[in-house]
Amino acid sequence: MDKQQMTDIIVTTKAERGLTWEKMGEDLGMSPVWLASACLGMNGAPPEKAMAITEYLGLDQDVAKALEAFPTKVWDQTLPTDPLIYRFYEIAGVYGTTLKEVIQEKFGDGIMSAIDFTMEVDKQEDPKGDRVVVTMNGKFLPYKHW
């Protein structure tokens, strides 16, 4: 079973059971953002997490093995067309150099890890329209000089 087949099975089962990533994450003791990413094939799950996810959803060992497999992170298109995903692309385009400048002023020459990393998505209620709060937390990795 490949990652796409695994994703199709998980997403279908999730929908059939009326589950949300938030509920699944809460029940499994996992970050809903990480859980969704693993179930959508963009991260590999350690064996114990893969087993917990598949047992929770009542899925077989083939799905667990696919969850454990190392992902190949490939996007189908250069410029995303989904409006929500495109906005993140736009944010990186508009604010990318600003973030780079501010981060490097505070930390020095280096990058934020996307491996030693967590992300949370929260809802902030606002009378003018609810707000999306995305918190990214990555370890700073200084460039080595030799």
Side-chain angles (χ1 to χ4, degrees), residues 1-60 63-142:
M1 172 176 301
D2 66 22
K3 289 278 191 188
Q4 186 58 58
Q5 293 167 318
M6 170 207 78
T7 295
D8 292 344
I9 291 168
I10 291 172
V11 169
T12 299
T13 303
K14 175 184 163 286
E16 287 171 350
R17 295 183 179 199
L19 295 168
T20 65
W21 296 118
E22 199 72 38
K23 171 73 171 139
M24 290 172 62
E26 181 181 305
D27 290 348
L28 291 166
M30 298 176 194
S31 157
V33 174
W34 179 86
L35 176 64
S37 181
C39 290
L40 296 175
M42 293 306 281
N43 279 300
E48 66 278 3
K49 288 187 185 266
M51 186 59 67
I53 293 165
T54 54
E55 286 179 358
Y56 178 84
L57 293 172
L59 302 174
D60 64 30
V63 177
K65 286 296 179 198
L67 275 164
E68 292 176 36
F70 300 139
T72 300
K73 299 179 182 187
V74 176
W75 294 272
D76 291 336
Q77 39 196 88
T78 304
L79 185 61
T81 56
D82 177 88
L84 193 142
I85 296 169
Y86 176 78
R87 289 298 169 249
F88 283 97
Y89 182 84
E90 181 180 36
I91 290 166
V94 173
Y95 294 102
T97 54
T98 300
L99 288 168
K100 177 182 173 20
E101 287 289 318
V102 172
I103 289 168
Q104 290 184 331
E105 278 184 4
K106 290 179 184 253
F107 292 90
D109 190 20
I111 63 171
M112 181 179 77
S113 175
I115 296 170
D116 190 344
F117 177 87
T118 60
M119 182 169 33
E120 295 178 20
V121 178
D122 292 301
K123 179 180 179 179
Q124 179 181 324
E125 294 186 11
D126 188 305
K128 297 182 214 167
D130 292 343
R131 313 282 300 178
V132 177
V133 180
V134 178
T135 305
M136 295 185 287
N137 183 334
K139 179 180 179 181
F140 180 74
L141 303 171

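Ion pairing between a basic and an acidic side chain is recognised when a charged N comes within 4.0 Å of a carboxylate O; Arg131 and Asp126 show no such pairing.
Proximity of Leu99 to Met112: side-chain heavy atoms (C-beta onward) are nowhere separated by under 4.5 Å. When side chains are defined from C-beta on, Val33 does not count as touching Thr118, because their heavy atoms never get closer than 4.5 Å. Taking 4.5 Å as the limit, every side-chain heavy atom of Lys106 sits out of range of all side-chain heavy atoms of Phe140.
Here the SG-NZ distance, from Cys39 to Lys14, works out to 9.5 Å after rounding to the nearest 0.5 Å. Atom OG1 of residue Thr20 and atom CG of residue Asp27 lie 8.5 Å apart, to the nearest 0.5 angstrom. Distance check: Ile53 CD1 to Leu67 CG gives 5.0 Å after rounding to the nearest 0.5 Å. The distance from the CD atom of Glu68 to the CZ atom of Phe70 is 9.5 Å, given to the nearest 0.5 Å. Separation of atoms NZ (Lys23) and CG (Leu28) is listed at 9.5 Å; rounding is to 0.5 Å. Distance check, rounded to the nearest 0.5 Å: CG of Asp130 to CD of Gln124 gives 9.0 Å.
Around CD of Glu22, the count of heavy atoms belonging to other residues, nucleotides or ligands within 6.0 Å does not exceed 12. Shown here is Phe117, whose CZ atom has more than 12 heavy atoms of other residues, nucleotides or ligands within 6.0 Å. Crowding of Leu79 atom CG: a count of heavy atoms from other residues, nucleotides or ligands under 6.0 Å exceeding 12.
A donor-acceptor contact shorter than 3.5 Å is absent between the side chain of Lys65 and the backbone of Met1.
What you find for Asp109 and Gln104 is that their closest heavy atoms are OD1-NE2, 3.4 Å. Among all heavy-atom pairs drawn from Ala64 and Ala50, the shortest one is O-CB, 3.5 Å. Shortest non-hydrogen contact noted between Met30 and Ala52 is CE-CB, 4.1 Å. Here the closest non-hydrogen pair linking Arg17 and Tyr56 is NH1-O, 3.3 Å. The two residues Pro71 and Gly44 make their nearest non-hydrogen contact at CD-N, 3.7 Å. Between Tyr86 and Pro80, the closest heavy-atom pair is CD1-O, 3.5 Å.
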Full working for side-chain contact (heavy atoms from CB on, under 4.5 Å) between Val11 and Leu40: CA-CA 8 Å; Val11 169; Leu40 296 175; 3.9 Å; yes

Derivation and outcome, side-chain contact (heavy atoms from CB on, under 4.5 Å), residues Leu57 and Leu19: CA-CA 10 Å; Leu57 293 172; Leu19 295 168; 3.7 Å; yes

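Under the salt bridge (Lys or Arg N to Asp or Glu O under 4.0 Å) criterion, Glu26 pairs with no residue at all, not counting sequence neighbours.
Residue Gln4 forms a side chain to side chain donor-acceptor pair (under 3.5 Å) with just one option from Asp2, Asp8, Thr7, and that option is Asp8.
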